[in-house]
Amino acid sequence: VTGGLPRPIGIFDSGVGGLTVLKALRNNLPCRDFLYVADTARVPYGRKPRQMVAEFAREISQFLVDQDSDAIVIACNTASAAALPSLARAMPVPVWGVVDPGVNAARRLTRNGRVGVIGTRGTIDSEAYQSRLQAHGLDVWAKACPLFVHLVEEGLAQSAEAELLARHYLGKMPNIDTLVLGCSHYPQLAQTIRRVVGNSVALVSSAEEVAREVRHALGNAPSLAEGRSGRIVHFVTGDIAAYRYSVAQVGGLDGVFRKIEGFDGVSLEALDGMGVPTV
Ligand code: DGL
């Protein structure tokens, strides 16, 4: 496909949340190509039954494998909690989720052993974070914050409404010293959350953590990287214009945008001929 260069890395989320993970991956692996699926037609995943989310994750992962991805990163906590580890067993390429990297970071950061985790209802109800953190002897406070995703999807992360909602969800937090942002949309609310929880609480975003793990596992193919800048293809199931706006807000993730219906997208055989700009 790319003349002996590494195959692309596939990533997906229900929407724009996973762009924080894509950005971290891009910074860590600048020579690699990335295929990002934003399933914005079906966002939010957080309120949907676990089996349904697991099926979405399987369908999108298969699509990414069909597009010649050589690894898959589930940039969505809800899907990671619902679909791993069975998805990893079913796919012919390595699959990473974001829950374990977040847990590892929280374990490293906490001093008092009291950790909070916030996420969608699906993630919190699955107890994926709570069980892992407790297995390491930590006290866990968990809270579902279902409306946060909508604020971020609507570009309202820095608004007064976001702060009001953050106070509603986080105003009565117990004495934790570390808070895991257990939804890939939430890092975009970090400044707002910081204003509410104060400076003494460490905020954990799994984006950096998972990017480091993937880099470590895949390497950056230094001999092939010289003079090359990776490309990004964004596959979007919902409204393209709204999605492009969010990508521009995050910055540094320009590429080509493809609307997909039913996951029969373009073949990457055509990538070189598509005029994908490098970033
Ligand atoms: N960004 C996703 C997550 O990390 C879920 C948002 C949603 O679709 O509810 O859980």
Side-chain angles (χ1 to χ4, degrees), residues 7-15 17-18 20-22 24-25 34-107 117-136 140 142 144 146 149 180-185 206-207 209-218 235 237 260 262-265:
R7 285 148 62 205
I9 298 172
I11 309 171
F12 70 92
D13 180 43
S14 59
T20 53
V21 178
L22 176 60
L25 277 163
F34 293 100
L35 310 179
Y36 182 88
V37 174
D39 195 7
T40 52
R42 300 191 291 196
V43 72
Y45 284 4
R47 286 258 189 204
K48 295 188 169 67
R50 187 183 176 127
Q51 268 319 327
M52 185 185 280
V53 173
E55 177 53 25
F56 292 169
R58 195 204 53 75
E59 183 181 29
I60 296 171
S61 298
Q62 189 56 56
F63 169 82
L64 288 167
V65 167
D66 293 346
Q67 307 295 312
D68 206 28
S69 300
D70 79 344
I72 290 171
V73 180
I74 310 178
C76 172
N77 292 258
T78 312
S80 300
L84 281 175
S86 59
L87 188 65
R89 284 196 296 270
M91 288 295 135
V93 298
V95 180
W96 281 272
V98 278
V99 173
D100 288 308
V103 167
N104 294 339
R107 287 176 58 204
V117 55
I118 55 176
T120 66
R121 206 169 289 290
T123 299
I124 299 302
D125 287 353
S126 77
E127 305 217 330
Y129 275 102
Q130 297 93 310
S131 57
R132 286 167 173 79
L133 291 164
Q134 281 159 357
H136 292 290
V140 186
V149 167
V180 181
L181 307 180
C183 172
S184 55
H185 282 70
S206 32
E209 288 295 313
V210 74
R212 260 196 297 272
E213 283 189 21
V214 173
R215 180 194 180 145
H216 185 72
L218 296 183
F235 295 101
T237 60
I260 49 171
F263 296 102
D264 42 352

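Between the side chain of R50 and the main chain of A81, a donor-acceptor pair closer than 3.5 Å is present. The backbone N or O of T78 lies less than 3.5 Å from a partner atom in the side chain of T123, making a donor-acceptor pair. Judged purely by atom type and a 3.5 angstrom limit, K48 has no side-chain atom pairing as donor or acceptor with the backbone of G122.
Contact of the V180 side chain with the I118 side chain is not registered, since no non-hydrogen atoms from C-beta on lie closer than 4.5 Å. The shortest side-chain heavy-atom distance between N77 and T120 does not fall under the 4.5 Å cut-off. Using a 4.5 Å heavy-atom threshold, the side chains of L35 and I11 count as separate. Annotation: side chain of C76 is not in contact with side chain of H185 (no heavy-atom distance under 4.5 Å).
A donor-acceptor pair shorter than 3.5 Å can be found between the side chains of T237 and D39. Of the N and O atoms on the side chains of Y45 and D13, not one donor lies less than 3.5 Å from an acceptor on the other residue.
Closest approach of V117 and G182 over heavy atoms only: CG2-CA, 4.5 Å. Scanning both residues, P8 and Q67, for their nearest heavy atoms gives CG-O, 4.3 Å. Between S184 and V21 the shortest heavy-atom distance is CB-CG2, 4.4 Å. Closest heavy-atom contact between E127 and Q130: CA-OE1, 3.1 Å. Smallest separation of non-hydrogen atoms from V43 and T40: CG1-O, 3.4 Å. Listed here is the closest heavy atom pair of G15 and Y36: O-OH, 2.7 Å.
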I'd like to know whether F12 forms a ring-ring contact (aromatic ring centres under 6.0 Å, His included) with F63, so could you lay out the CA-CA distance, the side-chain angles of the two residues, the decisive distance to 0.1 Å, and finally the verdict. CA-CA 11 Å; F12 70 92; F63 169 82; over 10 Å; no
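Contacts of Q134 classified as side chain to side chain donor-acceptor pair (under 3.5 Å), with partners at least two apart in sequence or in another chain: none. For R47, the side chain to side chain contact (heavy atoms under 4.5 Å, CB included) partners are R121, P146, not counting sequence neighbours.
To the nearest 0.5 angstrom, C183 atom SG is 9.0 Å from L181 atom CG. To the nearest 0.5 Å, the span separating CD on E213 from OG on S206 amounts to 10.0 Å. Atom-to-atom distance recorded for R42:CZ and I60:CD1 is 5.5 Å, nearest 0.5 angstrom.
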Under 3.5 Å, which donor-acceptor pairs link side chains of residues 87-101 to any protein atom two or more places apart or in another chain?
{"from": "D100", "atom 1": "OD1", "to": "R132", "atom 2": "NE", "distance (Å)": "2.8"}

